[in-house]
Amino acid sequence: MPNAEWMRRDLAHVWHPCTQMHDHEQLPLIPIRSARGLWLHDFEGRRYLDAVSSWWVNIFGHGHPYIDAQIKAQLDELAHIMIAGFTHAPLVELSERLVARAPAGLTHCFYADNGASAIEVALKMSQHAWRHQGRPEKHRFLSLRHAYHGETLGALGVTDIPLFSATYAPLLHQALHVAGPDCRGLPQEQWQEHSRQAFATMEQALSEHADELAAVIVEPLVQGAAGMLMYHPIYLSLLRAACDRHGVHLICDEIAVGFGRTGTFFACEQAQISPDFLCLSKALTAGYLPMSVVMVQDSLYELFYDRFETLKGFLHSHSYTGNALAARAALASLDLFDQLDVLANNRRRAARMAEHGRHLATAAHVANLRQTGMILAFDLVDAQGRPFDWRERRGLQLHRAARDREVLLRPIGNTVYIMPPYIIEDADIDLIFDVLRESVAIACHGDAGPGHDTSIALP
Ligand SMILES: *Cc1c(COP(=O)(O)O)cnc(C)c1O
């Protein structure tokens, strides 16, 4: 069946995420028949290089033979059982291996099935831990301006992206937000000093609000959904020390940056810190099955451990918690990190991205080119160097131009980024940058002006 027919059937009944469905009257939906390696294949023989790892999850591309085989083998053992009162081998092994790789003291793993749910778990646990210590007034949270921590109601409360949160304001808990250490536009050698200075507002907020704060929550090194805002690890070191001084938990949301994305296995390793809670999801199962985990400090776990009181426990659950197929996929992904020497090879890949980036940075309409490990981003600007009015939807036009050239990019407003799978080869990187250059020129050509298309921006 051709693409158009699948699209017609889809649009009759499927409501797509993060999408103004009306957009598909102009921008055709692409039905995908199969996905192998870096490539998605449609029903008409066209293909698309997945330069964003399908929303940052498919770190080993698609249909990886080793992960496929491991999941198939798991199917012959068991697919899913409830893990209250029961357990299974993949879950035990995964927890052991995560604890072995994580920063010191994160000895306990609480599982959920998506990133936002992991955030809900961490927020609830943090508040609950303070209650256990006789501090019920410590129930508020502090996050960074433009933070993104997911879109369920608790997670949305600490998210600061009005496009996602403003409509639901009456339903949300009131978190505090402080300006973050965004280093956009600065040369990399100035990131450290800028991040250090930006910490002053955080220090101020902590000293004013410590009595009511349960935790500070941050995305280490890269604020992803905000538009790949990057900063120096010094900010995390200062934050860890300040949280200790003020008696506030630190939640590191590594849902986007965990598993090698920033150059180290976990981003917080670059600051040599250990958070109280570490939230992981997206790349955990290499894009195969939904799973998330909150890793918790031993001392916090102990607060919930009680011989007499059921209610002292953490009575949170999801039906699919600890899914065996997902755990096996996660184990396979961890195996590949060793088998493929991923971190060392990514340094080489990141260097090639940086080399192309240096050239692209001088192109017309490209500003603030920045990179942290395997994430490279820049902003589209007009001929005068000003950000385009978001209603002009230059990012969407770039998406379309790249798609016509068989590369899948999904800009966030005016921010274009690549976040490729860790199987990408030099020639594929070269191709992506060729397509980026052409697509920037096409997307920024002409002054469409406000009113060109004033419907809502595609994030
Ligand atoms: C994607 C993301 C989440 C939410 O994860 P979902 O699985 O989409 O719910 C939370 N935090 C960060 C930093 C993310 O990038």
Side-chain angles (χ1 to χ4, degrees), residues 13-18 54-58 67-68 70-99 106 108-129 149-159 164 168 171-173 217 251 253-256 258-259 277-296 300-301 304-305 309-334:
H13 300 296
V14 183
W15 193 342
H16 291 264
C18 210
S54 280
W55 262 349
W56 325 345
V57 300
N58 288 84
I67 306 177
D68 287 4
Q70 292 290 309
I71 295 172
K72 284 174 186 163
Q74 184 58 41
L75 263 180
D76 290 334
E77 306 291 334
L78 70 97
H80 178 77
I81 57 162
M82 63 183 280
I83 60 153
F86 293 87
T87 193
H88 52 72
L91 197 66
V92 174
E93 282 176 37
L94 178 59
S95 307
E96 287 172 352
R97 287 175 66 181
L98 287 173
V99 169
L106 294 166
H108 292 273
C109 299
F110 191 97
Y111 292 90
D113 37 34
N114 60 73
S117 297
I119 299 298
E120 302 288 334
V121 166
L123 300 179
K124 285 176 71 177
M125 270 185 183
S126 171
Q127 183 264 356
H128 199 159
H149 298 293
E151 295 170 54
T152 53
L153 295 178
L156 204 51
V158 284
T159 288
F164 300 134
Y168 311 104
L171 307 182
L172 306 180
H173 66 103
I217 179 168
I251 303 171
D253 174 356
E254 295 221 14
I255 290 166
F259 302 99
F277 301 92
L278 177 65
C279 300
L280 305 170
S281 186
K282 289 204 167 89
L284 172 62
T285 66
Y288 272 78
L289 289 145
M291 176 180 246
S292 62
V293 58
V294 181
M295 300 188 69
V296 185
L300 292 171
Y301 173 81
F304 292 79
Y305 198 80
E309 277 209 61
T310 305
L311 273 177
K312 273 210 138 186
F314 187 61
L315 306 184
H316 179 106
S317 61
H318 296 287
S319 310
Y320 280 91
T321 298
N323 179 266
L325 293 174
R328 190 69 177 259
L331 283 168
S333 177
L334 291 178

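- Going from atom CG of Leu156 over to atom NE2 of His173 covers 8.5 Å, rounded to the nearest 0.5 Å.
- With sequence neighbours excluded, the residues that form a side-chain hydrogen bond (donor to acceptor under 3.5 Å, both in side chains) with Thr152 are Glu120.
- For Phe259, the ring-ring contact (aromatic ring centres under 6.0 Å, His included) partners at least two apart in sequence or on another chain are Phe265, Phe266.
- Remark: His16 pairs with no residue by the ring-ring contact (aromatic ring centres under 6.0 Å, His included) rule, at least two apart or across chains.
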Name every donor-acceptor pair, under 3.5 Å, that has one atom in a side chain of residues 73-80 and the other anywhere in the protein, sequence neighbours excluded.
unit_1	atom_1	unit_2	atom_2	d
Gln74	OE1	Arg328	NH1	2.7
Gln74	NE2	Leu78	O	2.9
His80	ND1	Asn323	ND2	3.1
His80	NE2	Ser319	O	3.4

Full working for side chain to side chain contact (heavy atoms under 4.5 Å, CB included) between Val158 and Ile251: CA-CA 12 Å; Val158 284; Ile251 303 171; over 6 Å; no
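- When all heavy atoms of Ile217 and His149 are compared, the closest pair comes out as CG1-CE1, 3.5 Å.
- Annotation: side-chain hydrogen bond (donor to acceptor under 3.5 Å, both in side chains) contacts of Lys124 (sequence neighbours excluded): His316.
- Smallest separation of non-hydrogen atoms from Val294 and Cys279: CG2-SG, 4.3 Å.
- Residues satisfying the ring-ring contact (aromatic ring centres under 6.0 Å, His included) criterion with His128, sequence neighbours excluded, are His132, Phe304.
- For the pair Ser117 (side chain) and Asp113 (backbone), a donor-acceptor distance under 3.5 Å is absent.
- For the side chain to side chain contact (heavy atoms under 4.5 Å, CB included) test, no residue two or more places apart in sequence or in another chain qualifies with Ser317.
- Remark: Ala330 pairs with Leu94, Leu284, Thr285 by the side chain to side chain contact (heavy atoms under 4.5 Å, CB included) rule, at least two apart or across chains.
- Side-chain contact check for Ile81 versus His88: some heavy-atom pair is nearer than 4.5 Å.
- For Ser292, the side chain to side chain contact (heavy atoms under 4.5 Å, CB included) partners at least two apart in sequence or on another chain are Ala112, Ala118, Ser281.
- A 6.0 Å sphere centred on CZ of Phe314 holds more than 12 heavy atoms belonging to other residues, nucleotides or ligands.
- Scored by the side chain to side chain contact (heavy atoms under 4.5 Å, CB included) test, Ala332 finds Tyr66, Ile67, Gln70 as partners (sequence neighbours excluded).
- Note: Thr310 OG1 to Leu315 CG = 7.5 Å, rounded to the nearest 0.5 Å.
- Of the N and O atoms on the side chains of Asp68 and Tyr288, at least one donor lies less than 3.5 Å from an acceptor on the other residue.
- With sequence neighbours excluded, the residues satisfying side-chain hydrogen bond (donor to acceptor under 3.5 Å, both in side chains) with Ser126 are His249.
- Tyr320 places none of its side-chain heavy atoms less than 4.5 Å from the side chain of Pro290.
- The closest side-chain heavy-atom distance from Phe110 to Thr321 is not below 4.5 Å.
- The main-chain N or O of Val99 is never found under 3.5 Å from a side-chain atom of His108 such that the two would form a donor-acceptor pair.
- Interatomic distance, Glu96 CD to Leu331 CG, rounded to the nearest 0.5 Å: 9.5 Å.
- Nearest heavy-atom pair, Ala329 versus Ile71, reported as atom, atom and distance to 0.1 Å: CB-CD1, 3.8 Å.
- Scored by the side-chain hydrogen bond (donor to acceptor under 3.5 Å, both in side chains) test, Thr159 finds no partners at all (sequence neighbours excluded).
- Closest non-hydrogen pair, Ala324 versus Pro90, comes out as O-CB, 4.1 Å.
- Here the side chains of Leu91 and Tyr111 are in contact, with some heavy-atom distance below 4.5 Å.
- Counting only heavy atoms from C-beta outward, the side chains of Val293 and Met295 approach each other to under 4.5 Å.
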